[in-house]
Structures are given as C-alpha cells and as structure tokens.
Amino acid sequence: MAQRGLAAYFEQYVSNYSTFLNKKALQTNFVPDQIVHRDDQIEQLGKILAPTLKKEKPSNVLLYGKTGTGKTVTIKHVTNQLLSVAEKSKAPLKVLYLNCKLKKIADTEYRLIAQLARDLNKAVPATGLPTDEVYKIFHSVIDEREQIILLILDEIDHLIKRAEDEILYNLTRINEELKQAQVAIIGISNDAKFLDNLDPRVRSSLSEEGIVFPPYNALQIKDILAYRAGMAFRENSLEAGVIEKCAAYAARDHGDARRAIELLRVAAEIAERNGTTAVSLEHIDEAEEKIERDYIIEIVATQPKQYQCITYAIIKLLHATKEPVLTGEVYDIYRQLCNRVGLRPLTQRRISDILAELDMLGIIQGRVVSKGRHGRTREISLATQQEVTNKIKQMLEEELDLT
DNA sequence: GTCAATTCACATGAAAGAGACCACGGTCTAGTG
DNA sequence: CTAGACCGTGGTCTCTTTCATGTGAATTGACGA
C-alpha cells in the first residue's frame, strides 16, 4: 500500500460496514453473562462456595477438564456473582486469580507467592528475598483482618511439573498459621492424572471436592457459538452453515470451545479485511490455516537464538535429504551454523533437550527409535506444511543474519 | 538356522556451575546548614 | 548531619555442562543340526 493511499484506506475502513457488533464477545478472556451447558457445574460450585458469604471457609475444590471446556469461564462467572453478593452483604471476601502457566509471573514458588502478595497491594521485589521471607509477607498481609480468600490457581499442573509439590503443600497448610483470615484453594487442571504423582497429604486436602468438566460435543459447541455470535455480530452477517462448520472443526479435536470461538473470530476478521459483509464458509478454512500458521511462526520467532539455529539446521538438512534426520546429523550441521553465525555451540546433551522441547511445541516431530547396532536416536521431521516451512526458513535467515 | 551376547548412538537423569538479577545493610562521600 | 553512591553478601532463577546410567534392536559369533 503506497503511503498516499493509507489515509484513504483508513477513511474507507472507518466508514466500512463492520461485521462486528461487539468484538469482545469473541475474545478469549471474555466472561459472558450466561454460560451455556454448564448448569450442573455452576450449581455444584455455587453450593460449595456459598459458605464464604457467612464467613466460613469452603472446601478446597479441584476442577478437571481438557482445554476449552469452560473451566476458567465458569469459575470466573461464579466468583463474579459471589463477589457482587458479598459486596452487598459486606462479607469480607477476596478472590485471587492466578494462572500458573504464565512464565515470569507464577511459574515458581517464589514468584507465585510474590504475585499473590502483589495482588493484595503489597509490593514485593521480583527477586532477592529468601522465599520464606516472601511467605511471611504474604501471611501478614492476609492476616491483617478477618476475611475469606479464594485462591484460584489455573493450570495448577504446571506447578508440579516445574518445582516439587512443596508449594502446594505450603499453601494447603497455610490456614494452620493464620489467625484471622482463611484461605480456600480452587485448583484448575487440564490433566486429570496430575493428582496421582502428588504427595498424598496434599492430594487429599486439595481435592476435598472435585468437579469434572467433560468435553463439549458438536451440538453443544454449536449452541455456545450461536450464543456468542448473537452478541458479537449483526444480523445476517454469518452465512448459513458457518457456525456448524466452526463447531465441527472444534469438536473434531476434543471439543475445544475456545478454539471454535477463536476460529469464528479470525474468520470474521478475514471477512472484514476483505471487505465482505458476511462471513462465509471459505473464510473459516482460511482462518484455520491462518491460526495454525501464525501460531507456529510466532513461536519460532520468539525462540532464543540457539533454538532458532537448531530449527534452521533441521530445515536445511531436511531440504537436502528428505528423509527423517537424526540427532547426530542435526548436531553436526548446527555446529557449522554456529561458526557462521558466531554463536558458542552448546553440548549435544543440551541439544537433545532442546529437540525434545521443539517437539513439545509442535515445531518438529521427533520419534525415539532404536536402530539396532546403529544405536538409539531421535528421528526428526518437520511438523509444518511446506509453505509454512519456507516462511520459517526465510524468517530465520533474516533473524540469524545468514545471507 | 538359532540364540545369547555385544554394541552403537544416542536418550534420559541428577547434580552442580555460571551468570544475571535483585534486596539489604554497611561504609564512604559530598553537600547543607 | 544527611541523602545518595557504592560495595559485599546472600538470595532466586534460568540455562548449561559434566558425569552417569539406560535402552533396544541390528549384528556378531558360537553352537548344534
């Protein structure tokens, strides 16, 4: 777009008929007034949490369910209602929500506690203090007055994976040391099995109550989409079958409502950008590709240099050989690449771990195979489409300054 | 041909080091009245 | 006298390295038919 045309484009953009009425309704952090197909869970949660309004500590709860089954939305909905009643009746209730997956915020013991203290308006340095010092600060802040604190730990399984379960142990015992306040923990987990490798004491106290969120089926996703679309779009801005198609896509991989909503949002954005007034079925196909593509490219782009170097080595090697490549081969190419780029090469041990990480991220596909006399190794191939691979390659060449 | 032993090329684990970041307390320094 | 600059110490946290151990089937070579 030539610069002169930009203003004209903006003007046209503003005057353009917009498909969206309320874009927020399709964003991932939106909490709707009504939660479709989760009546049972809401009722259960409500019953469990109601005692907070009478200054009684409720049971600790654990919510299970795959991604996109409405766990987070449901708990937020329930706590919002709870808070509004508490405000009216002057019940001393505080809700702290924390997503344990967020890097640099809540993925270690220290950070978690520090973040909680910060949420209670107590400044805590990002690092430098002994961990038990932070615990003391946290205790004193909570115990300032008589109150009930609902501590919502989203993606709680990430805490276990990273550190030992000491954090959870300390948290479950926290009430014993408090005089005035009381803390109830609401854990949210994607992984139903995560309780198994937990200290038995923590397990029992953490899961006094459990609520299961089963995956949505295609029909339910359709209802959810229809509800959200009703809020987000003008009438007649969706062609027939659009919602059904989105629902079908999402139901295909384990009923993830979040993906379905995102798909619809991206499709609508594409439609809007193209200047059409309605979202069509083709837009959905396009949106699905775009989501996939953006996701991978974004991940690769934000990786550290070493990771990018390894990714590039794999792409290069696969271009040359076509076969799945092996760890040792990748390592050789990687070392050469490091020389060219001016990076200090890491040991093979580390590369092995990094390859496993790239596999987890879905950038590559690795399979550990034993080749008999020729040892055990990882067979690596790319997980992306040719077109995406080329884009990644191009991006990495710029990023790593390879000409 | 059969079978157990061997062997390869890494995978996977555990522990410890390096270096960045930060708070805190003590000491020094320069500016102020 | 005091505010601010400047150490040194001690803490967390991530990324790496080092050292050790594990692994599973192709290969080998002895053995018997």
Side-chain angles (χ1 to χ4, degrees), chain A residues 98-141 153 155 158-171 197 299-314 317-318 321 323-339 341-361 363-381 383 399-400:
Chain A
L98 204 53
N99 190 331
C100 307
K101 199 176 73 174
L102 294 177
K103 284 209 165 168
K104 309 275 179 191
I105 293 183
D107 55 352
T108 68
E109 183 168 15
Y110 181 98
R111 286 184 186 153
L112 183 104
I113 305 299
Q115 184 59 38
L116 290 177
R118 262 179 236 131
D119 285 347
L120 294 164
N121 298 323
K122 185 85 183 178
V124 176
T127 161
L129 295 183
T131 305
D132 43 335
E133 190 69 27
V134 186
Y135 263 110
K136 271 185 211 152
I137 295 175
F138 181 56
H139 277 180
S140 63
V141 178
L153 298 175
E155 319 234 11
H158 279 261
L159 283 185
I160 325 286
K161 260 174 226 160
R162 297 198 62 88
E164 0 32 307
D165 41 30
E166 221 170 285
I167 313 173
L168 292 175
Y169 181 64
N170 287 335
L171 278 177
N197 33 26
I299 288 183
V300 177
T302 53
Q303 284 305 257
K305 273 232 158 86
Q306 296 283 6
Y307 287 55
Q308 292 184 338
C309 213
I310 294 167
T311 311
Y312 188 75
I314 295 169
L317 206 51
L318 280 166
T321 60
E323 291 295 304
V325 293
L326 311 177
T327 305
E329 297 168 356
V330 173
Y331 188 61
D332 288 343
I333 301 290
Y334 158 78
R335 287 191 70 118
Q336 292 171 22
L337 216 53
C338 279
N339 273 336
V341 180
L343 226 52
R344 192 176 55 85
L346 304 176
T347 50
Q348 184 152 337
R349 173 71 187 83
R350 185 83 247 276
I351 302 308
S352 183
D353 278 348
I354 292 178
L355 285 172
E357 274 182 61
L358 290 175
D359 190 7
M360 287 279 293
L361 288 168
I363 297 171
I364 62 172
Q365 268 172 3
R367 196 161 56 99
V368 177
V369 287
S370 180
K371 292 194 171 296
R373 196 72 199 273
H374 304 293
R376 227 163 103 83
T377 183
R378 195 181 253 119
E379 275 186 357
I380 299 154
S381 51
E399 194 86 13
L400 297 170

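Everything numeric here is computed off the predicted structure, so don't read it as measured data. Chain identifiers are assigned alphabetically (A, B, ...) following the order of the sequence lines, protein sequences preceding nucleic acid strands; residue numbering begins at 1 within each chain.
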Practice task
Would you mind telling me which residue lines up with the more 5' stretch of DNA chain C, A/Asp353 or A/His374, judged by nearest nucleotide?
Solution key: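 The 5'-side residue here is A/Asp353.
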
Just how far, in rounded Å, is [atom2] of [N] from [atom1] of [X]?
| X | N | atom1 | atom2 | answer |
| --- | --- | --- | --- | --- |
| A/Glu379 | B/dC10 | CD | P | 12 Å |
| A/Lys371 | C/dT23 | NZ | C1' | 15 Å |
| A/Arg376 | C/dA25 | CZ | P | 9 Å |
| A/Ile113 | C/dC13 | CD1 | P | 11 Å |
| A/Ile351 | B/dT12 | CD1 | P | 15 Å |
| A/Leu343 | C/dC15 | CG | P | 15 Å |
| A/Glu329 | B/dC10 | CD | C1' | 12 Å |
| A/Ile380 | B/dC10 | CD1 | C1' | 11 Å |

Exercise for the section: Classify the side chain of A/Arg349 and the base of B/dT12 as holding, or not holding, a donor-acceptor pair under 3.5 Å. Expected result: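 Indeed, a donor on one side and an acceptor on the other fall under 3.5 Å apart.
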
Problem - Nearest-nucleotide pick for A/Gln348, side chain only, options being B/dC10, B/dT12, C/dT16 - result: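 Per side-chain heavy atoms of A/Gln348, the pick is B/dC10.
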
Handout entry: Donor + acceptor pair across side chains of A/Gln115, A/Asp119 (<3.5 Å)
Key =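 A pair is found: one side chain offers a donor N or O, the other an acceptor, under 3.5 Å apart.
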
Exercise for the section: For A/Tyr312 and A/Glu399, test the side chains for any donor-to-acceptor distance below 3.5 angstrom and give the result as yes or no. Expected result: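 Distance-only check fails for A/Tyr312 and A/Glu399.
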
Practice task
Looking at every strand, decide which applies to A/Ser352 at a 4.0 Å heavy-atom threshold: base, sugar-phosphate, or nothing.
Solution key: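 A/Ser352: base contact, heavy atoms under 4.0 Å.
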
Practice task
Remember a base hit wins even if backbone is also touched, and classify A/Arg344 as base, sugar-phosphate or nothing at under 4.0 Å, heavy atoms.
Solution key: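 Sugar-phosphate contact only - A/Arg344 comes under 4.0 Å of backbone atoms but never of a base.
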
Handout entry: Side-chain heavy atoms of A/Leu355 within contact of A/Ile314, under 4.5 Å
Key =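 Yes, their side chains come closer than 4.5 Å.
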
Handout entry: A/Asp332 CG to A/Leu337 CG distance, which is reported to the nearest 0.5 Å
Key =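 Here the interatomic distance stands at 12.0 Å.
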
Tell me whether the side-chain N/O atoms of [X] come closer than 4.0 Å to OP1 or OP2 in [N].
| X | N | value |
| --- | --- | --- |
| A/Arg378 | B/dA9 | no |
| A/Arg373 | B/dA5 | no |
| A/Arg350 | C/dT16 | yes |

Problem - 5' precedence on DNA chain B between A/Gly375 and A/Thr327 (nearest-nucleotide basis) - result: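 The residue mapped nearer the 5' terminus is A/Gly375.
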
Problem - Sidechain-backbone polar pair: A/Thr311 side chain, A/Tyr307 backbone, donor-acceptor under 3.5 Å - result: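 Indeed, once roles are kept as given, a pair shorter than 3.5 Å links the two residues.
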
